[in-house]
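Letters go in sequence order (proteins before strands), and every chain restarts at 1. Quantities reported herein were computed from a predicted structural model and do not represent experimental measurements.
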Protein chains: 2
Amino acid sequence: MLPTSIELNDEAMELVARRFKLLSDPMRLKILHALHSGEKTVTEIVELTGSTQPNISKHLAALRNGGLVRRRSESNLAYFSIAAPFIFELCDRVCQSIATELDSLQKNFSLQNQTK
Amino acid sequence: MLPTSIELNDEAMELVARRFKLLSDPMRLKILHALHSGEKTVTEIVELTGSTQPNISKHLAALRNGGLVRRRSESNLAYFSIAAPFIFELCDRVCQSIATELDSLQKNFSLQNQTK
DNA sequence: TGACAAAATAACTATGTAGTTATATAGTGT
DNA sequence: ACACTATATAACTACATAGTTATTTTGTCA
């Protein structure tokens with residue numbers, strides 16, 4: 001019987017997909033963006049994102065569960081911070097790809113509009 | 001009235017999130033993985049992934065719509081290929097982060113089991 | 001034209017999840 | 001103990017989407 005390298009692959013894909021999934025929501029991206037400048041309390045994040053407290057708490061729980069943020073308690077405040085800075089590399093790379101595509105769209109548009 | 005830099009930000013977050021979302025599904029990752037070694041027909045991808053033809057066609061449409069793959073017609077075959085190779089950089093980076101975390105888990109486990 | 005194969009699409013089901021509202025928990029200061 | 005604030009959790013709604021089955025479209029070849 002062959003070793004199930006296919007199944008191992010499936011598990012790996014699952015793990016990777018789950019990570020990307022954490023980054024595939026605009027509100028979670030806003031939270032991570034808010035934390036880019038340093039740790040923040042839940043209330044601060046609520047204000048920065050314009051969302052509601054329960055919603056932010058839930059997203060923070062997901063991000064924490066996925067290992068992307070860290071939580072620290074002080075008095076009755078919860079301070080959250082980035083635990084996996086590499087996510088910003090990912091975001092930058094994606095932004096770059098988007099910018100490149102917009103650029104070439106623009107270029108094509110110009111070419112189309114050139115008088116020969 | 002202030003320029004709505006907040007709203008622009010929201011749009012950017014949407015764009016980035018949508019890109020990550022394409023990568024947040026195991027089956028789509030398997031498809032992209034299958035295309036890593038070169039362009040493939042739909043039927044070939046179906047066989048490599050073990051999924052069904054309609055499911056693969058739908059995922060391919062999503063990936064194409066998101067600019068990640070390209071489609072080429074020849075006779076009555078549809079050849080798909082990678083249009084945005086940078087996605088492999090992203091996947092590699094994520095895999096790396098997972099590996100690092102598994103490593104440190106392993107290390108912690110060893111430390112716990114050390115006799116003093 | 002008719003039979004066949006490849007791929008796309010439609011309709012449907014089932015599941016996941018973002019956001020809301022209401023409530024519970026926990027820490028602080030009086 | 002009480003009031004107050006910060007955060008977490010529960011229950012719910014609404015919507016998106018992965019996968020399935022059935023059907024349609026399109027090209028090839030006889």
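- Taking 4.5 Å as the limit, some side-chain heavy atom of Glu14(B) sits within range of a side-chain heavy atom of Arg18(B).
- Atom CZ of Arg18(A) is separated from atom P of dT17(C) by 10 Å (rounded to the nearest Å).
- Closest to the side chain of Asn76(A), out of dA5(C), dG27(C), dT21(C), is dG27(C).
- When DNA chain D is scanned in the 5' to 3' direction for atoms under 4.0 Å from non-hydrogen atoms of chain A, the outermost contacting nucleotides are dT5(D) to dT9(D).
- One atom, CG of Leu60(A), and another, P of dA18(C), lie 13 Å apart when rounded to the nearest Å.
- Rounded to whole angstrom, the span from the CG atom of Asn65(B) across to the P atom of dT9(C) amounts to 11 Å.
- Computed from coordinates, the Arg71(B) CZ to dA7(C) C1' distance equals 7 Å when rounded to whole Å.
- Using a 4.0 Å cut-off, no side-chain N or O of His59(A) falls inside it from OP1 or OP2 of dT17(C).
- The residue among Met27(A) and Glu74(A) whose nearest nucleotide of DNA chain C is located toward the 5' end is Met27(A).
- You'll find a donor-acceptor pair under 3.5 Å spanning the side chain of Gln53(B) and the base of dA8(C), going by distance alone.
- Taking atom CG of Asn55(B) as the reference point, atom P of dT13(C) lies 18 Å away to the nearest angstrom.
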Query - side chain to side chain contact (heavy atoms under 4.5 Å, CB included) evaluation trace for Leu23(B) with Leu32(B) - result: CA-CA 9 Å; Leu23(B) 299 174; Leu32(B) 294 171; 3.7 Å; yes

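- Inter-residue side-chain proximity for Phe80(B) and Leu63(B) is flagged as unmet; no heavy-atom pair is nearer than 4.5 Å.
- A donor-acceptor pair shorter than 3.5 Å can be found between the side chains of Gln53(B) and Ser57(B).
- In this structure, Pro26(A) and Asp10(B) have side chains that are not in contact, with every pair of non-hydrogen atoms separated by 4.5 Å or more.
- For the pair Asn55(A)/Val46(A), no side-chain contact is recorded, criterion being any heavy-atom separation below 4.5 Å from C-beta on.
- At whole-Å resolution of the value, CZ in Arg28(A) and C1' in dA18(C) are 8 Å apart.
- Thr43(B) is not listed as a side-chain neighbour of Ile56(B), based on a closest heavy-atom distance of 4.5 Å or more.
- Between Leu77(B) and Ser75(A), the residue anchored nearer the 5' end of DNA chain C, judged by the nucleotide with its closest heavy atom, is Leu77(B).
- Within the nucleic acid shown, Thr41(A) comes within 4.0 Å of sugar-phosphate atoms alone, with no base atom in reach, counting heavy atoms only.
- Between Lys40(B) atom NZ and dA6(C) atom P the separation is 17 Å, expressed in whole Å.
- For the pair Phe80(B) CZ and dA7(C) C1', the interatomic distance rounds to 8 Å; values are reported in whole Å.
- Within 4.0 Å of Tyr79(B), counting heavy atoms only, lies no atom of the nucleic acid at all.
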